[in-house]
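Below is one structure, written out as structure tokens, with a few remarks after it.
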Amino acid sequence: MMTDFDKLRTFVNQLSPVAESYGKKSVISNINVQIANLEKSTSVLFCGEFKRGKSSLINAIIGETLCPMDVGIATSVVSIIRYGTEKQAYRYYGNLLENADALKKEEIGWQDIEKYVMGEDIDNTILIELFYPAPFLKDGITIIDTPGVGGLDPRHAILTHMALPKADVIVFVTDASEPMTEAELKFYQDKIVPCGKQNIVLINKSDCLTEDVLKTHIDSTRLALAEAGTPEVLPVSAAHWINYNVLEDDDLLASSNKDGVLASISMLVEKYRKRQLIDLRGMLIAEVADISKAVDAEIEQLGVDFKTHKDTMESLKLQLDELKNFINDIKNPQSAINLRINSIFEDARNKVSNTISHEGVILTSTKFDDLLNSENGLANDGKWFVSQINDKLQKLS
């Protein structure tokens, strides 16, 4: 069955040859790259105050202790967890303030993850990138674990604030053991809402409260967030979830709210992807509209050229018909033009004949006598007279 990605990609591929011929190759290539990136990776970022159990929750989702869990502030760097067929770990390090785009990359041993993440041997480590064969990640989801904000180390807040805009979906983790604090509410209002990203609020450690108290806590959290937005608020127990991954006990499954949390996160991921696909579709529609305008302009020009060509051909056809008619008239002895030509020739012959007759009479009478009676008339045995007569006859002919 074709996915939305497949359908859009098929349309892009069908459009590509036409788009390339109209100078849109780079635009179409860029859209194809965005489709591939969207399908390959949608980032889900976990954030919140320190000691809220973000790392424990991520470990529960992954089904493996990737993020260290500690009674203190466990996470000190950003951790990016992607799907991989084999376990691999890399650290990115450098001076974050001087040049965040020039971080160096180094592969580290799987057993060394904890000391970098917890800051025991941080050595300017900014983030950890982990690859792990977790089923939840296989569909192109990337999880981002951030340091808890609100602690004594300002570097943690800086790293979290830098990671927030890069997230596609945000999971804000609070604690069921106490009401939502002013700092948490301010963080949600000032940092999460302005991002305009799909988000959800999880109340961790829900196993610590009775059902009635938990319901009251959820309602008060929703009320506190009402002015900042209306995100979905769900309870979750990372501890029960982790135990369920080992024991597969139905009671632990229910109390952890694993299914509800995963379904909500997956729904937000799907919403984000659909929104992005709609935006990409809009870009394609805009490009198709531009191409359509260009095609319409070409068709209109072809129409103008065709009309000009048609008019020229019709004019030449008329001329050809006239020429054929003229040839036929020439071939017909009884045609008007032939009769007119014959009349011209007849007139010319009559004129020539009359001229010769008239000039001949003059030559044999007046001019003959004049030559004969001239001083040289019969001189030289009449040779001069004969030569003059011959000369006059030559001119007359």
Side-chain angles (χ1 to χ4, degrees), residues 1 3-5 36-48 52-69 74-75 78-90 110 113 117 127-146 163-164 166-173 197-207 231-250 252-277:
M1 181 176 179
T3 65
D4 290 339
F5 295 106
N37 290 340
L38 183 62
E39 185 178 27
K40 180 180 178 181
S41 177
T42 302
S43 59
V44 179
L45 182 141
F46 287 73
C47 63
R52 293 297 189 257
K54 297 185 301 300
S55 297
S56 298
L57 188 55
I58 292 172
N59 288 336
I61 293 173
I62 299 302
E64 174 76 13
T65 305
L66 301 183
C67 303
M69 300 177 290
T75 303
V78 175
S79 298
I80 300 176
I81 307 168
R82 309 182 191 277
Y83 180 82
T85 54
E86 296 180 357
K87 296 192 296 185
Q88 289 179 296
Y90 300 90
W110 197 259
I113 294 174
V117 173
L127 65 88
I128 298 292
E129 184 177 33
L130 306 176
F131 292 87
Y132 188 80
F136 184 71
L137 306 177
K138 195 169 185 179
D139 192 32
I141 293 178
T142 296
I143 289 180
I144 303 175
D145 185 21
T146 60
L164 275 172
K166 301 181 183 301
D168 302 320
V169 173
I170 298 174
V171 179
F172 186 56
V173 182
K197 305 295 178 67
Q198 301 282 347
N199 66 86
I200 186 174
V201 176
L202 298 182
I203 302 175
N204 193 20
K205 306 176 187 177
S206 61
D207 57 289
E232 185 178 13
V233 179
L234 290 178
V236 65
S237 171
H240 283 199
W241 192 334
I242 290 173
N243 288 334
Y244 169 77
N245 289 340
V246 177
L247 303 175
E248 296 186 355
D249 180 80
D250 289 343
L252 290 173
L253 176 62
S255 60
S256 69
N257 197 24
K258 168 190 172 182
D259 292 342
V261 170
L262 290 183
S264 294
I265 293 176
S266 297
M267 181 186 68
L268 292 181
V269 169
E270 187 62 23
K271 280 185 177 180
Y272 167 78
R273 288 175 171 175
K274 281 191 175 295
R275 179 70 261 175
Q276 295 300 111
L277 286 172

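Since the model is a prediction, treat every value here as computed from it, not as a measurement. For the numbers below, each heavy atom of this structure counts, side chains included, while hydrogens, waters and symmetry mates do not.
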Does the side chain of [X] reach to within under 4.5 Å of the side chain of [Y], using non-hydrogen atoms?
X      : Y      : result
Met267 : Glu232 : yes
Asp207 : Ser255 : no
Asn243 : Asp249 : no
Asn59  : Trp241 : no
Arg52  : Val173 : yes
Ser79  : Leu66  : no

Euclidean distance, [Y] [atom2] relative to [X] [atom1], rounded to 0.5 Å:
X      : Y      : atom1 : atom2 : answer
Ile58  : Phe136 : CD1   : CZ    : 10.5 Å
Ile200 : Phe172 : CD1   : CZ    : 13.0 Å
Ile242 : Ile62  : CD1   : CD1   : 11.5 Å
Ile80  : Ile143 : CD1   : CD1   : 12.0 Å
Asn37  : Glu39  : CG    : CD    : 10.5 Å
Leu202 : Lys54  : CG    : NZ    : 12.0 Å

(Q) Tell me whether Lys197 contacts the main-chain N or O of Ala167 through its side chain, where contact means a donor paired with an acceptor under 3.5 Å. (A) yes
(Q) Using modelled atom types and a 3.5 Å cut-off, is there a donor and acceptor pairing between side-chain atoms of Ser237 and backbone atoms of Ser206? (A) no
Q | Counterpart residues, side-chain hydrogen bond (donor to acceptor under 3.5 Å, both in side chains), relative to Asp139 (two or more places apart) | A | Arg273
How close do [X] and [Y] get, heavy atom to heavy atom, and via which atoms?
X      : Y      : result
Arg82  : Thr142 : NH1-OG1, 3.5 Å
Asn257 : Val236 : CB-CA, 4.5 Å
Phe46  : Ile265 : CZ-CD1, 4.2 Å
Ser41  : Asp168 : O-OD2, 4.2 Å
Leu234 : Gly260 : CD1-O, 3.8 Å
Tyr132 : Glu64  : OH-OE1, 3.1 Å

(Q) Ring-plane angle category for Tyr90 and Phe131, please: parallel below 30°, perpendicular beyond 60°, tilted otherwise. (A) perpendicular
Q: Classify the side-chain pair Asp145/Ser55 by whether it contains a donor and acceptor separated by less than 3.5 Å.
A: yes
